[in-house]
J.: 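A single structure is presented below for examination.
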Amino acid sequence: MDILADLNPAQKEAVEAIEGPVLILAGPGSGKTRVITHRVAYLIRKVGVNPRRIMAVTFTNKAAREMEARLNNLVSGSVKDLTLGTFHAICARILRIDGKAIGIDSRFTIYDGDDQISLLKRSLVDLDLDPKQYAPRAIQSAISSAKSQMIGPDEFLKHGRSYFEEVVQRAYERYQKMLDESSALDFDDLLMKTVLLFRRNPELLERYQNRYLHIQVDEFQDTNLVQYELIKQLAGKYRNICVVGDPDQSIYSWRSADLRNILNFEKDYPDAKVVLLEQSYRSTRLILDAASHVISANRNRKPKDLWTENEEGMPCAVIETYTEQEEAQYVVNEVDNLMGRGEVKPGDCAVMYRTNAQSRVLEEAFIRYGMPYKLVAGTRFYERREVKDIIAYLRLIQNSCDSVSLLRIINVPQRGIGQRSLDELTQWARSQGVPEYRALQLLAESRDSAVDLPFSSRTVKVLIGFAVMVEGFIEKSRELKLVELFDAVVESSGYRHYLAGLVDGEDRWENVLELRGVAQEYRDMPPMEGLSAFLEGVALVSDIDDLEERVETVTLITLHQAKGLEFPVVFIIGMEEGLLPHRRSMESGDELEEERRLCYVGITRAKQRVYLLHTYRRNLFGGSEATLPSRFLQDIPKQFIAGKGLWDDEKEDDYTPVTSLFSRSAVKPLSSLKLEVGDRVQHQIFGEGVVISLSSNRDDQEITVAFDGAGVRHLLLSLAPLEKVDKK
DNA sequence: CGAAAGGCTCTTTTT
DNA sequence: GAGCCTTTCG
């Protein structure tokens, strides 16, 4: 097979430019992933580069896996030798192996956002600062932003000294110290410490430089300064560095992604070859044109000429509904219509939104209609309480200095250790100059001696009991396989029993079992190794990683998560001022431009059809508020829009329910079915059942049906595909 | 001294 | 409408 065979000239150029620095600017749908994979395949197959000497950095684990799969088709076998993964995963690996040189224990724990916040709160309390007055989230983001620029606690104040920044500086210092004492690194540390490691150990860096002959970075527009610094270090010797990105799809500046990286690239590597990929293979012409008009309204960008040979296709549908419930109903209904005409399968459709909170109403509509869906990250799996609890037990076993985990589970399930005792424990540990866990051990050792302890004898007893239990786990961890250890922990800690007693215990137990399933994937590894690998794995996954390549159901996803994906049919809901653009972004021009890029990313995910929805009123917890359609809708000229003439001078009270060009009807008329309790009904999906209650709300009837095979369901009469069945 | 029950604030996006 | 924190009860 010829690797270059089915590439267009620009793609070919990008693949063949293997020597020296290369910057590939790739528009949406221009075959970016193709280029990257073919490049790697080309290096291995045509140029004969040893795969061990190639590094490819991706933005998510999912992207890495996808690349792996595609490469397997091109160069089966050698894929496992590549260094392939996210910045964070690659850095974690480097630090586990070589971090000792800057004092990092190879068993370090990785703290996620939640852990960071709880540690930060503790450091604020330590400093006698009120966490209410100084929002931990704000401080955390300031610290993260500092770390993304390689600014340590001591250099922090050089960059300004408002009172808030002084608070941040103190918190940062304390927080970093506590991380250190816990043998833990946060996400930003993974990157920053790696760069630091290389700065302080040039000979070590050289080893890595010598190894990596070729380095590629995907989604370059979303890298931050530390990441840039890192690749600069690694590519320092051979300079075969290829970065791929699209400034118009930069949507992570709030995570310190810095567009300057793209600009700096050409400055740092003046000999860089720049390749533009401008032909789009994804969207129809009308969609691409509409998207281009949206993004062109950004002032701070380089214009580019995207084009496509695809058919013209259909204009974007702009739809106004009255409420968000109607908005959700419209989506469900339209999917059903399209399916009814055999045009799409559910898996072809995605619904995208700005904030996770918007998914709730959608979910309700999908459930009521009985249409299956896949929600990417509602409450994210690894952030669920029970999942984090179990992980905390396992982390503590691997790294007993991990105080965040210890404090998380010391009283879960309840062991009679309250806040009071915990405060005393932390203080006592501090006074002894040891981590909390060590303090517990000391407590156990000194139980008979008449030391003056700040605990009641009852408390001492439970604390020691806890320490003994964990000690037992640690011993077991040396001989038990991960899953066996997992089971032992869940059982002996009383966690399973504890869940059984909760109202929603069953759901939570399901999640524990799902986590156990993940643990099972490490079954072939020896005891301790399996534990480390598992913990590393769960620390660095994201939700998008779990989205299977081919889903059979409608996908519900945030605009951010949708980056890099494509769907034949895309619905973007909540196209309103305050939501998209988000109100928190409306004050700064730069942030507003980022919101516009987000909108652009959304539209360009679509191959065939785009629906842009906005509501007339939207519920913001208490009351409902009148909304204004998003300014981004105005950027799309009329000829690209189907539906009503949004910008004709219609008055608000001219509002009538909208009918899209594509639908038979936007919202089905209320069902003419007359049902009573006790009637038998037939549902398209759930089969037969009996009506057990009926209730009316403002404009619809809700019906509860006990299905013979599918349990009790609440449905909306106007939506549910129901028919009455004659009683026998 | 710890666990359960009501009032408060906010809601952006995530490796 | 939820989490979080403070108050009240056991």
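Lettering follows sequence order; numbering is per chain, from 1.
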J.: Which residues satisfy the side chain to side chain donor-acceptor pair (under 3.5 Å) test with A:E576, sequence neighbours excluded?
T.: A:T615, A:R618

J.: Give the C-alpha distance, both sets of side-chain angles, the deciding distance and a yes or no for side-chain hydrogen bond (donor to acceptor under 3.5 Å, both in side chains) between A:S256 and A:S145.
T.: CA-CA 6 Å; A:S256 310; A:S145 145; 4.6 Å; no

J.: Would A:W254 pass as stacked on B:dT13, i.e. its ring centre under 5.5 Å from the base's six-membered ring centre and planes under 30° apart?
T.: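 Ring-base stacking flag set for A:W254 and B:dT13.
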
J.: Starting at the 5' end of DNA chain B, which residue's closest nucleotide do you reach first, A:T86 or A:L422?
T.: A:L422

J.: Measure the distance from CD on A:Q221 to P on B:dT13 and round it to the nearest whole Å.
T.: 20 Å

J.: Run through A:L179, A:V125, A:I139, A:D115 and flag the one making a side chain to side chain contact (heavy atoms under 4.5 Å, CB included) with A:L120.
T.: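 Exactly one candidate clears the test, A:I139.
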
J.: Would you say B:dT13 has OP1 or OP2 under 4.0 Å from some side-chain N or O of A:S585?
T.: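 So the side chain of A:S585 is outside the cut-off, no N or O lying under 4.0 Å from OP1 or OP2 of B:dT13.
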
J.: How would you list, by chain and number, every residue that makes a ring-ring contact (aromatic ring centres under 6.0 Å, His included) with A:H560, sequence neighbours excluded?
T.: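 For A:H560 the ring-ring contact (aromatic ring centres under 6.0 Å, His included) partners, ignoring immediate neighbours, are A:Y252, A:W254.
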
J.: Please report the distance, rounded to the nearest Å, between OH in A:Y252 and C1' in B:dT15.
T.: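 About 9 Å, once rounded to whole Å.
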
J.: Specify the separation, in whole Å, of atom CD of A:Q116 and atom P of B:dT14.
T.: 15 Å

J.: Atom NZ of A:K62 and atom P of B:dT15: how far apart are they, to the nearest Å?
T.: 12 Å

J.: Tell me every residue that passes salt bridge (charged side-chain N to carboxylate O under 4.0 Å, His left out) with A:D246, counting only those two or more places apart in sequence or in another chain.
T.: A:K304

J.: So, does A:N619 get its side chain near the phosphate of C:dG1, meaning an N or O under 4.0 Å from OP1 or OP2?
T.: no

J.: Tabulate atom names and distances for all N/O pairs under 3.5 angstrom spanning the protein and nucleotides 4-9 of chain B.
T.:
none

J.: Does A:S421 place a side-chain N or O at less than 4.0 Å from the phosphate oxygens OP1/OP2 of B:dC1?
T.: no

J.: To the nearest angstrom, how far is A:L540 atom CG from B:dT14 atom C1'?
T.: 13 Å

J.: Determine whether A:R631 and A:P581 make a side-chain contact, defined as any pair of heavy atoms from C-beta on separated by less than 4.5 Å.
T.: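 Yes; the side chains approach each other to less than 4.5 Å.
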
J.: Between A:N356 and B:dT14, is there a contact of a side-chain N or O with OP1 or OP2 at under 4.0 Å?
T.: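 For A:N356, the contact criterion (side-chain N or O under 4.0 Å from OP1 or OP2 of B:dT14) is met.
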
J.: Does A:D112 reach a base, just sugar-phosphate, or nothing at all? Heavy atoms under 4.0 Å.
T.: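 Nothing: the residue A:D112, judged by heavy atoms under 4.0 Å, touches no strand.
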
J.: NE2 of A:H560 versus C1' of B:dT15: gap in Å, rounded?
T.: 13 Å

J.: Return a single string for nucleotides 5-10 of chain C, one symbol per nucleotide in 5' to 3' order, where B is base contact, S is sugar-phosphate-only contact and - is none, cutoff 4.0 angstrom on heavy atoms.
T.: S-----

J.: Which residues satisfy the salt bridge (charged side-chain N to carboxylate O under 4.0 Å, His left out) test with A:E68, sequence neighbours excluded?
T.: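 For A:E68, no residue satisfies salt bridge (charged side-chain N to carboxylate O under 4.0 Å, His left out) once neighbours in sequence are set aside.
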
J.: Please identify each residue that fulfils ring-ring contact (aromatic ring centres under 6.0 Å, His included) with A:Y373, with sequence neighbours left out.
T.: A:F366

J.: Counting the atoms with a prime plus P, OP1 and OP2 as sugar-phosphate, which does A:R137 contact under 4.0 Å by heavy atoms, base, sugar-phosphate, or nothing?
T.: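 If one applies the 4.0 Å heavy-atom cut-off, A:R137 turns out to touch a base.
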
J.: In whole angstrom, give the distance that lies between atom CG of A:D115 and atom P of B:dT15.
T.: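 Rounded to the whole Å, the gap is 15 Å.
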
J.: Rounded to whole angstrom, note down the C1' distance from C:dC4 over to B:dT13.
T.: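 That atom pair is separated by 23 Å.
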
J.: Go through the structure and list residues passing ring-ring contact (aromatic ring centres under 6.0 Å, His included) with A:F534, not counting sequence neighbours.
T.: A:Y522

J.: With sequence neighbours excluded, what pairs up with A:R496 under the salt bridge (charged side-chain N to carboxylate O under 4.0 Å, His left out) test?
T.: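 Counting only residues at least two positions away or on another chain, A:R496 forms a salt bridge (charged side-chain N to carboxylate O under 4.0 Å, His left out) with A:E491.
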
J.: Can the ring centres of A:Y498 and A:Y495 be said to be less than 6.0 Å apart?
T.: yes

J.: Would you kindly compare A:R415 and A:F87 by the position of their nearest DNA chain B nucleotide and give the one closer to the 5′ end?
T.: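 Nearer the 5' end of the strand: A:R415.
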
J.: Mind checking which stems touch DNA chain B? I mean at least 3 consecutive Watson-Crick or G-U pairs, both distances under 3.5 Å.
T.: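 As far as DNA chain B goes, consecutive pairing (with distances under 3.5 Å) yields the stems B:1-10 with C:1-10.
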
J.: What is the distance from CZ of A:F220 to C1' of B:dT15, rounded to the nearest Å?
T.: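 It is 17 Å, rounded to the nearest whole Å.
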
J.: Output all residues satisfying ring-ring contact (aromatic ring centres under 6.0 Å, His included) with A:F108, sequence neighbours left out; order by chain, then residue number.
T.: none

J.: Applying salt bridge (charged side-chain N to carboxylate O under 4.0 Å, His left out), name anything that partners A:E219, two or more places apart in sequence or on another chain.
T.: A:K32, A:K563

